[in-house]
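Worksheet: one structure, shown below.
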Amino acid sequence: MKYLDEYRSEELANKIVAEIHRTVTRPWVLMEVCGGQTHSIVKYGIDRLLPGEVELVHGPGCPVCVTSLEMIDKAHAIAQRPNVIFCSFGDMLRVPGSDGDLLVLKSRGADIRIVYSPIDCLKIARTNPEKKVVFFAIGFETTAPSNAMSVWQAKKQGVTNFSVLVSHVLVPPSIASILQSPQNRVQGFLGPGHVCTVMGYREYEPLAERFQVPIVITGFEPIDILEGTLMTLRQLELGTHTVENQYPRVVNRDGNKVAQDLVNNVFEVCDRKWRGVGAIPKSGYKLRYEFREHDAERIFDVKEIDTQEPARCISGLVLRGVKKPHDCACFGRECTPETPLGATMVSAEGACAAYYAYGRHLELQHVRLPAEAA
Amino acid sequence: MGKANFGGIVKQVCLEYTREIVLGAYVLVHAGFALSKVDEEEAARTYKALRSFSSWASSMSRMGMIRMRIHFPNRRLSECAYDPPPNER
């Protein structure tokens with residue numbers, strides 16, 4: 001397919017890998033922000049093509065993974081109410097809350113539906129006027145324009161039985177939070193290509209300056225990731241720290257102004273709790289007051305829910321790049337995509353799920369077995 | 001709204017955020033919305049720049065130097081890119 005296949009060329013990948021080997025003179029730790037990039041890295045084995053000095057750690061950019069347990073429990077509470085049709089993106093259905101997941105609720109009779117786009121929910125709301133249709137509006141800046149449009153259209157068209165449970169998160173505050181952490185090891189970032197399609201990359205420039213880290217806005221195909229890695233490593237080796245754009249075929253500095261305007265009309269910035277990470281100031285979106293009639297949290301009056309994560313799950317450390325999936329004793333054993341302990345194993349974009357899908361748990365067993373036998 | 005062809009699968013997508021696009025354009029679609037037009041000139045320019053990496057680099061053994069660095073040297077390079085066969089699970 002055009003603009004995809006050429007960015008998967010093995011010949012070109014080998015050229016860039018060789019260039020990376022030539023560039024690197026000392027150890028560096030880079031973080032790819034997006035779950036989509038993590039998936040590509042593990043799928044194509046990109047981390048294993050890099051010099052031993054270069055470590056890639058996986059970032060928090062998986063929207064399903066970072067949606068807080070409280071919010072998931074609220075979603076479950078709303079989905080169980082009578083006369084509710086609860087709509088969600090597919091990968092949210094298997095995320096464990098405090099008590100089961102949305103699929104379990106569906107099997108118990110709740111009307112839970114998977115949608116491709118939030119706009120589909122408006123159609124469902126119009127054809128079911130006697131029901132309340134709720135959409136679980138999660139995601140980063142990339143998904144915000146779609147979710148904002150659904151609320152905007154609902155208000156404009158008078159679809160009063162449609163509401164959204166908003167749990168939006170923003171990338172720049174999470175990068176700041178990682179860099180401020182005393183545990184931080186990250187020295188350079190592969191920035192989130194698709195988030196920047198919407199937002200542009202102006203807001204990353206003060207971050208690069210303040211924390212003296214290179215940030216290279218990077219795409220998702222193997223060639224993109226290798227080139228983004230090379231660009232970041234070149235900056236690190238030279239001691240520079242600017243924002244560069246590896247992904248100019250879809251990203252520009254200003255982003256999509258039309259989308260930003262609508263997002264700003266519908267949402268406002270708020271503090272947000274991230275699963276495994278904790279509360280980060282000004283790191284999310286909530287609905288503006290004018291759209292309160294479409295705010296599921298207000299309509300259903302779900303109270304604050306006290307929640308507890310499984311103590312054995314290290315997904316919080318994985319999401320902050322402090323640990324890797326195979327550092328967890330449960331990875332590939334008690335915790336698998338069929339029986340996930342934490343969100344990073346559920347979502348297709350989660351680091352643990354990516355490691356599992358591409359067989360790294362098998363290597364782990366291979367390595368562990370002789371020691372266990374002894 | 002418009003129709004987008006995802007390598008053979010045709011779906012309706014909202015074009016409200018990419019009003020400038022014309023029939024036949026390549027777009028980036030997320031959750032049913034076209035968010036950006038693929039800039040063909042930029043794509044061609046980047047690709048050309050990438051291909052022009054030094055011949056020194058490409059003449060280096062394709063597997064040799066690269067393969068040494070792999071953490072599991074007994075696995076073939078190409079295996080890294082594939083799902084494990086079901087019988088290995």
Side-chain angles (χ1 to χ4, degrees), chain A residues 1-4 6-7 9-12 14-19 21-22 42-52 89 115-120 139 142-143 145-147 149 194 197-198 222-224 227 246-252 255-256 258-259 262 357-359 361-363 366-367, chain B residues 1 5-8 11-14 16-19 26-33 35-47 49-63 65-72 74-75 77-85 88-89:
Chain A
M1 214 187 310
K2 206 173 171 193
Y3 303 120
L4 287 180
E6 57 266 56
Y7 290 91
S9 152
E10 187 181 346
E11 179 207 346
L12 189 49
N14 283 319
K15 279 189 183 181
I16 304 173
V17 168
E19 190 76 14
H21 278 257
R22 205 157 60 116
V42 183
K43 178 176 180 182
Y44 293 100
I46 291 170
D47 49 341
R48 294 177 174 179
L49 300 176
L50 300 177
F89 293 126
V115 290
Y116 166 68
S117 167
I119 289 292
D120 299 343
T142 328
T143 322
S146 315
N147 293 345
M149 181 65 89
H194 290 158
T197 303
V198 175
I223 299 299
D224 291 323
E227 195 196 9
Q246 179 280 326
Y247 203 28
R249 64 185 186 277
V250 290
V251 171
N252 63 60
N256 187 326
V258 185
L262 192 75
Y358 299 107
H361 61 295
L362 299 170
E363 294 163 0
H366 177 71
V367 172
Chain B
M1 300 292 277
N5 185 333
F6 300 83
K11 279 196 80 77
Q12 287 265 339
V13 297
C14 177
E16 188 60 27
Y17 296 132
T18 46
R19 293 175 201 164
Y26 285 79
V27 285
L28 177 81
V29 177
H30 181 74
F33 286 75
L35 293 178
S36 173
K37 179 180 177 295
V38 177
D39 186 326
E40 301 192 27
E41 277 176 29
E42 275 295 350
R45 195 190 57 75
T46 310
Y47 199 68
L50 282 171
R51 292 209 79 86
S52 67
F53 269 142
S54 67
S55 56
W56 177 87
S58 59
S59 68
M60 199 159 41
S61 161
R62 215 180 62 174
M63 301 298 252
M65 172 181 170
I66 298 163
R67 199 176 166 189
M68 272 183 349
R69 310 275 189 162
I70 297 174
H71 300 181
F72 296 91
N74 53 345
R75 301 191 89 211
L77 185 63
S78 59
E79 280 178 359
C80 297
Y82 295 117
D83 291 328
E88 274 186 31
R89 286 176 190 266

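By convention in this document, chain letters (A, B, ...) are assigned in the order of the sequence lines, proteins followed by strands, and residues within each chain are numbered from 1. Quantities reported herein were computed from a predicted structural model and do not represent experimental measurements.
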Using non-hydrogen atoms only, which part of B/L28 is less than 4.5 Å away from chain A: side chain, backbone, both, or neither?
side chain

Side chain from CB out, backbone as N, CA, C, O: work out which of these in B/K37 comes under 4.5 Å of a heavy atom of chain A, or both, or neither.
backbone

Between A/V198 and chain B, which part of the residue has a heavy atom less than 4.5 Å away: side chain, backbone, both or neither?
side chain

What part of A/I46 lies closer than 4.5 angstrom to a heavy atom of chain B: side chain, backbone, both or neither?
neither

For the OG atom of B/S36 and the OH atom of A/Y247, what is their distance to the nearest 0.5 Å?
8.5 Å

Sort out for me which of A/G139, A/S117, A/P118 touches chain B most, counting heavy-atom pairs under 4.5 Å.
A/S117

For A/T143, all residues meeting side-chain hydrogen bond (donor to acceptor under 3.5 Å, both in side chains), sequence neighbours excluded:
B/H30

Would you confirm whether B/Y17, through its side chain, and A/P145, through its main-chain N or O, come within 3.5 Å as a donor-acceptor pair?
yes

Those residues at least two apart in sequence (or on a different chain) that pass salt bridge (Lys or Arg N to Asp or Glu O under 4.0 Å) with A/D224 are A/R249

side-chain contact (heavy atoms from CB on, under 4.5 Å) with B/V13: which of B/V29, B/V27, B/T18, B/L35?
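Only one of B/V29, B/V27, B/T18, B/L35 forms a side-chain contact (heavy atoms from CB on, under 4.5 Å) with B/V13, namely B/V29.
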
